[in-house]
**Student:** 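This is the structure I want to talk about, given as structure tokens.
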Amino acid sequence: MKKLLEIQSSVRQENSISRTLSNQFVQTWKTAHPDIQHIIRDVGIDPPAHPTELWTKANYTAPEARTPEMIAALAHSEQLIAELLGADYLLLGVPMYNFSIPSNLKAYLDNVVRVGRTFAFDKETLTFEGLATGKKALAILPSASDYSPGTPMAQMDFCKPYLRAVLGFVCIEEVTVVSVPN
Ligand SMILES: Cc1cc2nc3c(=O)[nH]c(=O)nc-3n(C[C@H](O)[C@H](O)[C@H](O)COP(=O)(O)O)c2cc1C
């Protein structure tokens with residue numbers, strides 16, 4: 001069964017454009033894919049913790065050498081990564097906050113973009129390889145202003161390029177972005 005992972009990051013429940021459009025997309029998508037398993041990860045309501053010193057130490061310690069405290073520090077991150085790696089499709093609701101993505105979504109990304117888990121680093125060649133292969137993503141990006149190419153505000157959009165870059169880094173390269181100036 002294919003899995004659709006919906007990641008919402010608006011802090012608003014009411015009148016949220018990213019949530020409303022995502023819901024509409026999911027309803028339509030489900031009529032075409034009735035067997036899809038739909039999982040919601042709502043970092044707008046329930047943000048993951050930011051990485052800490054212990055978390056970082058644990059991340060750079062080989063799994064077999066991690067202490068119980070290190071394992072505990074990475075537990076939620078491991079859960080988020082398993083969820084992400086298990087998904088075939090991603091739907092992201094990403095409102096622009098101060099020209100970038102919401103900080104709760106950044107905390108989510110800090111938890112899932114991890115060496116040895118979603119990307120590999122080759123010490124010999126100093127090259128990276130994304131490990132979150134075989135996924136397609138749709139991102140719905142509402143903003144108060146218009147950042148379309150050629151508009152005066154276009155250069156202030158750090159949301160779209162960042163999202164594409166960070167998803168591409170872990171090998172999620174088929175990303176459709178729908179900007180929604182409102
Ligand atoms: C903290 C915060 C920062 C925002 N910063 C920007 C911004 O830099 N540029 C912009 O065009 N809109 C900005 N907005 C407006 C939101 O992007 C816009 O209201 C969007 O529709 C919010 O998504 P939502 O409707 O799904 O909650 C900001 C809103 C909030 C709450």
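Owing to the predicted nature of the structure, the values given are computational and were not obtained by experimental measurement. Whatever order the structure lists them in is the order used to number ligands and atoms, beginning at 1.
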**Student:** Just to confirm my output: which protein heavy-atom neighbour is closest to atom 21 (O) of ligand 1, and how far is it?
**Tutor:** N182 ND2, 3.2 Å
**Student:** Tell me: protein heavy atom nearest atom 26 (O) of ligand 1, and distance?
**Tutor:**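 Atom 26 (O) of ligand 1 sits closest to the protein heavy atom S18 OG, 2.5 Å.
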**Student:** Looking only at non-hydrogen atoms, which of A144, S10, P95 approaches atom 12 (N) of ligand 1 most closely?
**Tutor:** A144
**Student:** Taking all heavy atoms of K160 and all of S179, pick out the closest pair and write down the distance.
**Tutor:** CE-OG, 3.2 Å
**Student:** Determine, considering heavy atoms only, which of M96, R12, M156, Q8 sits nearest to atom 19 (O) of ligand 1.
**Tutor:** R12
**Student:** Hydrophobic cluster membership, with links at side-chain heavy-atom distances under 4.5 Å among I/L/V/M/F/W/Y: are L131 and L109 in one?
**Tutor:**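 No; L109 is not reachable from L131 via cluster members.
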**Student:** Are R41 and E83 within salt-bridge range, i.e. N to O under 4.0 Å?
**Tutor:** yes
**Student:** Considering only heavy atoms from C-beta outward, does the side chain of M96 approach that of Y147 to under 4.5 Å?
**Tutor:** yes
**Student:** L84 and F119: same hydrophobic cluster, using ILVMFWY side-chain contacts below 4.5 Å?
**Tutor:** yes
**Student:** Do any nitrogen or oxygen atoms of S16 come within less than 3.5 Å of a nitrogen or oxygen of ligand 1?
**Tutor:** yes
**Student:** So which protein heavy atom does atom 8 (O) of ligand 1 come closest to, and at what separation?
**Tutor:** F99 N, 2.9 Å
**Student:** Where is the nearest protein heavy atom to atom 7 (C) of ligand 1: which residue, which atom, and how far?
**Tutor:**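 Among all protein heavy atoms, the one nearest atom 7 (C) of ligand 1 is N98 N, 3.6 Å.
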**Student:** Are the charged groups of D42 and R19 less than 4.0 angstrom apart, N to O?
**Tutor:**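 Salt bridge present between D42 and R19.
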**Student:** May I ask you to identify the nearest protein heavy atom to atom 31 (C) of ligand 1, giving residue, atom name and distance to one decimal place in Å?
**Tutor:** Y97 CE2, 3.6 Å
**Student:** What is the nearest protein non-hydrogen atom to atom 9 (N) of ligand 1, stated with its residue, atom name and distance?
**Tutor:**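 The protein heavy atom lying closest is Y147 OH, 2.8 Å.
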**Student:** Would you sort out whether Q8 and S22 count as a side chain to side chain donor-acceptor pair (under 3.5 Å), showing the intermediate values?
**Tutor:** CA-CA 9 Å; Q8 291 299 339; S22 295; 2.9 Å; yes
